[in-house]
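Here is the structure we will look at, set down as structure tokens.
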Protein chains: 2
Amino acid sequence: MSCETDTVKVLRTTGHKATPQRLMILAALRHGSGHLTATEIFGEVQVEYPYVDISTVYRTLGVLKELRLVSETDMGTGDTTYEWVQHQGRHHHLICRNCDEVTSLDHQYLEDLGAEIMAESGFKPDLDHFAIFGVCARCRLEAERN
Amino acid sequence: MSCETDTVKVLRTTGHKATPQRLMILAALRHGSGHLTATEIFGEVQVEYPYVDISTVYRTLGVLKELRLVSETDMGTGDTTYEWVQHQGRHHHLICRNCDEVTSLDHQYLEDLGAEIMAESGFKPDLDHFAIFGVCARCRLEAERN
DNA sequence: ATGGTACATGCAATTAATTGCAACTACATT
DNA sequence: AATGTAGTTGCAATTAATTGCATGTACCAT
């Protein structure tokens, strides 16, 4: 699989450059196990090239996000996480604001929502990786009991 | 209308306190025209009471968000905005990542999504104020032309 | 292969947001 | 009304993220 060269191609055709720093950030994202923070990616890259700057990491993540190669998600823990989109495929999270439990949500729900919005307004939404907050079944029942 | 005293009641029954600082922040949120940043709220409150601290503003917004009295939304401009939920009712935004145009989205779409999720998993999602990014009809057509 | 240029980088400085802690205060209970 | 306590505040320090700018470099066109 030539994900690496594919990505380089995408960068070039969109007027961006495939710099060594970017390739290292890409590698960190692709080999990482999803949900990486900017700081974690930074640390990873620093191992082989200690002179990268954190601002380069943020800027690269911004570009990759724009190109929809990575998704950015705040899981409610306070830090923003980044994930290589093709790595895990589209997926979503339901996060309980009472007990912080995280469960996953099938993409189909959002696929349908996206299709509806698209059909009625022409706007094509990016629904790659959502964090939806709310109250889980257990906490809700417990709250009702009081 | 006794929104003010209602809110105070909500605060008290949930184990929080109705401090003067909070009442001023509440007033700023209720009189403001939606989509206020923490800094804007801070400035507003400082007019009558210059000794508040920005951390108090953030902490109060956190509490109000938890109680779902305000919604927090990143409109993609880089700053997080807060809005008094009952002030404008539930509404959502479609934001084009190409031309930055912002249009609104009827709540019904998300109401339906919420009902579905609730029915199948028991998880009750908060879908008060979403910012959905994507590509608007105009930009999409323009992109296809190339 | 070379050169020009638009894009990227690193650094430093700035702004946004969070956190630890001692002092303080709202308010439920008495 | 007085009191105890849990919750809150302001301050200072920290961490996260962004931005301006001069220098550097990828890569397209020749």
Side-chain angles (χ1 to χ4, degrees), chain A residues 4-5 7-26 28 35-46 48-67 69-82 100, chain B residues 4-5 7-26 28 35-46 48-67 69-82 100:
Chain A
E4 196 83 39
T5 56
T7 306
V8 169
K9 209 176 290 173
V10 172
L11 280 171
R12 297 224 175 108
T13 57
T14 53
H16 297 97
K17 290 176 183 173
T19 65
Q21 290 92 331
R22 283 185 179 165
L23 297 181
M24 287 189 289
I25 292 166
L26 283 168
H35 296 146
L36 294 165
T37 65
T39 309
E40 282 166 350
I41 295 166
F42 180 53
E44 194 78 23
V45 173
Q46 272 191 317
E48 28 170 332
Y49 178 56
Y51 302 109
V52 254
D53 193 77
I54 187 75
S55 68
T56 300
V57 175
Y58 279 109
R59 282 190 276 224
T60 296
L61 290 171
V63 168
L64 296 175
K65 189 176 63 170
E66 219 172 87
L67 299 174
L69 296 172
V70 306
S71 64
E72 181 191 69
T73 315
D74 176 5
M75 299 284 286
T77 58
D79 30 40
T80 308
T81 61
Y82 299 87
D100 295 327
Chain B
E4 196 83 40
T5 58
T7 306
V8 169
K9 211 175 290 174
V10 172
L11 280 171
R12 297 228 174 107
T13 57
T14 53
H16 297 96
K17 290 176 182 172
T19 65
Q21 289 93 332
R22 284 186 178 162
L23 296 181
M24 287 188 290
I25 292 165
L26 283 168
H35 296 144
L36 294 165
T37 65
T39 309
E40 282 166 350
I41 295 165
F42 180 52
E44 194 79 24
V45 172
Q46 272 192 318
E48 26 169 335
Y49 179 57
Y51 302 109
V52 254
D53 194 77
I54 187 76
S55 68
T56 300
V57 175
Y58 278 109
R59 282 190 276 224
T60 296
L61 290 171
V63 169
L64 296 175
K65 189 175 63 172
E66 219 171 87
L67 299 174
L69 296 172
V70 306
S71 64
E72 182 190 70
T73 314
D74 178 4
M75 299 284 286
T77 57
D79 31 41
T80 308
T81 61
Y82 299 87
D100 294 327

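As the structure is a prediction and not an experimental result, all values here were calculated from the model. Chain naming here is simple, since letters A, B, ... match the order of the sequence lines and numbering starts at 1 in each.
Mapping B:Tyr51 and B:Gly15 onto DNA chain D by nearest heavy atom places B:Gly15 at the nucleotide closer to the 5' end.
The closest side-chain heavy-atom distance from B:Val63 to B:Leu69 is not below 4.5 Å.
Separating the CG atom in A:Leu61 from the OG atom in A:Ser71 is a distance of 10.5 Å, to the nearest 0.5 Å. Rounding to the nearest 0.5 angstrom, the gap separating the CZ atom in B:Phe42 from the CG atom in B:Leu36 is 14.5 Å. Taken from OG1 in A:Thr56 to OH in A:Tyr49, the straight-line distance is 8.5 Å, to the nearest 0.5 Å.
Taking atom CZ of B:Phe42 as the reference point, atom C1' of D:dG10 lies 11 Å away to the nearest angstrom. With rounding to whole Å, B:Tyr49 atom OH is found 16 Å from D:dT8 atom P.
Taking a heavy-atom distance under 4.0 Å as the criterion, the stretch of DNA chain C touched by chain A extends 5' to 3' from C:dA6 to C:dC11.
With sequence neighbours excluded, the residues forming a side-chain hydrogen bond (donor to acceptor under 3.5 Å, both in side chains) with A:Thr73 are A:His129, listed by chain and number. With sequence neighbours left out, the side-chain hydrogen bond (donor to acceptor under 3.5 Å, both in side chains) criterion links B:Thr60 to no other residue. In this view, B:Thr14 and B:His16, B:Leu67 satisfy the side-chain contact (heavy atoms from CB on, under 4.5 Å) rule, not counting sequence neighbours. Take A:Asp100 and apply the side-chain hydrogen bond (donor to acceptor under 3.5 Å, both in side chains) test, not counting sequence neighbours, and it matches no residue.
For residues 57-67 of chain A, the pairs satisfying salt bridge (Lys or Arg N to Asp or Glu O under 4.0 Å) are A:Lys65-A:Glu72, with sequence neighbours left out.
When heavy atoms are screened at a 4.0 angstrom cut-off, A:Ser55 is found touching base atoms of the nucleic acid.
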Extract all donor-acceptor atom pairs below 3.5 Å that involve side chains of residues 18-25 of chain A and protein atoms in other chains or at least two apart in sequence.
residue	atom	partner	partner atom	Å
A:Thr19	OG1	A:Arg22	N	3.2
A:Arg22	NH1	A:Lys17	O	2.8

Report summary line: Contact string for nucleotides 21-30 of chain D, one letter per nucleotide 5' to 3', B = base within protein heavy-atom range under 4.0 Å, S = sugar-phosphate only, - = neither, reads ----BBSS--
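The rotation axes computed at either terminus of the helix from C:dA1-D:dT30 to C:dT30-D:dA1 lie 50° apart, taking five pairs at each end and rounding to 10 degrees.
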